[in-house]
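Values reported hereafter were calculated over all heavy atoms of this structure, with side chains retained and with hydrogens, waters and symmetry mates removed. In what follows, chains are A, B, ... by sequence order, proteins preceding strands, each numbered from 1.
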Number of protein chains: 2
Amino acid sequence: MRTVDAVTIVHDEQELFQRTKHLFMTATEIACAANDLWVWAWRHQPYDITALSDVQRRTDMRVRKIYRADVLLDPGASHELAKRRDEFGAQVRVSTEEINETIILDDRLVILAGDSRAGRRSYSVITQAGAVQGVTSLFEAAWRSATDLAVYDAKIAEIRRLAPQVLDLLGQGIKDEAAARALGLSVRTYRRRVAELMDALGAESRFQAGARARELGLV
Amino acid sequence: MRTVDAVTIVHDEQELFQRTKHLFMTATEIACAANDLWVWAWRHQPYDITALSDVQRRTDMRVRKIYRADVLLDPGASHELAKRRDEFGAQVRVSTEEINETIILDDRLVILAGDSRAGRRSYSVITQAGAVQGVTSLFEAAWRSATDLAVYDAKIAEIRRLAPQVLDLLGQGIKDEAAARALGLSVRTYRRRVAELMDALGAESRFQAGARARELGLV
DNA sequence: CCACGGATGGCAACAACCTGCCAGCGCCGA
DNA sequence: TCGGCGCTGGCAGGTTGTTGCCATCCGTGG
């Protein structure tokens, strides 16, 4: 495949689909970073990377996905991810870092998703070897520092159990001491839970936590 | 109109529309409380109280609307509201209090909107005279303590001008001192702006402010 | 020109939050 | 049974945030 530009910008998801589906069909190695459950969804139309590659029938394909930690705060997401991972024989890890949404095919092609907060999303398709290698090494670094889904899930189970109540109390503006009493915890432990929740949300302040929780529909 | 129950619960907005449109057609006094721009929208389908009443051609109708203050943080909303107010000869006020979304027709019928956060919204339609009078007096109290649109708008203009930058800094987790420097303000003044913004958002904590701002699409 | 009002900024008291440290306790595995 | 590990809760130091007070400055209107 020859392209004049180092980077091709695609504004339409359908077009991205058309341009790259043949590559997905033949790819043997797919790496993805997603910031929510449905980005590069396993079967979510229109862009289902696994439908494209028909991964269920091929055993020579290696699929790796990194999710952002806050996805796991959704009670159903954890189970769903584990199910898909097993169904497709994929590897799934979780990161508390913010990762740009990315797909890497066979270390040959990279798709970088642009910011979706500004309305219609654009995608950058890169095939230039040096750039692909650069992005790939960034992905590998993120992969290495991420935590296996099962391990992270075990750690976050208690946070997830409490999250609805903690978020509800925070959402009501209840001060930590009163909130702790409401949950039958000491204020130290309540503040530990809040700190863990903020970490899972990737938030550095309570304002950010509020915005992120609202964005995720948790509050 | 005779009804057996004191309160009729309606789950479908279309049904509510069908049941009450004849009353809107003949009403001479409409009072509304709305928590966002589009609730009981002037022309927003399917439930446009002014389309129903054809207020544009009738001069015997008195329309009063109270909006929640955070609506005015939307740069376009203020102008839009002023335009509609003039177009329909209505009175519009703004309140920083949380007001249940309500319509009162001729002090005879009350529609109370239920919580929309739990999926499909339900509406309570009340015609029992005592209850109608009770809700009406609550509305009157809210109306009296609310601020005229023009007056409130003048006050909030500076807040609205700064709001995008302040919210952006808060959203990035920037501490107050650094944020103040970024905006060329003293930390006292920056904190005044944050307090005013939180008041306009109806937030009692920064977590609430974050959630509310995200909900309004301001961050 | 002058007085008044409103906004700013500095200071400060207080409240709320953040996180480290450590003792105690309970559970689990050797 | 005992030791180790992890969690909780209390304490505390520090940071961040909240809001009142007051001096100063600037703009406006009489």
Sub-3.5 Å donor-acceptor pair from the side chain of B:Arg214 to the main-chain atoms of A:Glu215, do we have one?
no

Between D:dT16 atom P and B:Tyr190 atom OH, what is the distance in whole Å?
13 Å

For the side chain of B:Arg191, counting heavy atoms from C-beta on, which of C:dG20, D:dG17, C:dT8 is nearest?
D:dG17

D:dG17 P sits how many Å from A:Gln208 CD, rounded?
11 Å

Could you work out which one of C:dT19, D:dC21, C:dC17 sits closest to the side chain of B:Arg192?
D:dC21

Between A:Glu177 and A:Arg188, who's closer to the 5' end of DNA chain C by nearest nucleotide?
A:Glu177

Atom CG of A:Leu170 and atom C1' of C:dC18: how far apart are they, to the nearest Å?
14 Å

Please report, rounded to the nearest Å, how far the C1' atom of C:dG9 is from the CZ atom of B:Arg181.
15 Å

Look at the side chain of B:Met198 and decide which nucleotide, out of D:dT18, D:dC11, D:dT19, has an atom nearest to it.
D:dT18

Run the numbers on A:Arg212 and A:Glu204 for salt bridge (Lys or Arg N to Asp or Glu O under 4.0 Å), then give the verdict.
CA-CA 11 Å; A:Arg212 182 61 63 83; A:Glu204 287 165 359; over 6 Å; no

Among the nucleotides D:dT19, C:dC18, D:dG9, which one has an atom lying closest to any side-chain atom of A:Val194?
C:dC18

Can you tell me which nucleotide in D:dG10, D:dG20, D:dG17 comes closest to the side chain of B:Arg206?
D:dG17

Check: B:Arg160 side chain, B:Leu72 main-chain N or O, donor-acceptor pair, under 3.5 Å
yes

Under 4.0 Å between a side-chain N or O of B:Arg193 and OP1 or OP2 of C:dT8?
yes

With a 4.0 Å cutoff (strictly under), does any side-chain N or O of B:Thr189 reach OP1 or OP2 of C:dG9?
yes

For A:Ala209 against A:Leu201, the heavy-atom pair lying closest together
O-CD1, 3.9 Å

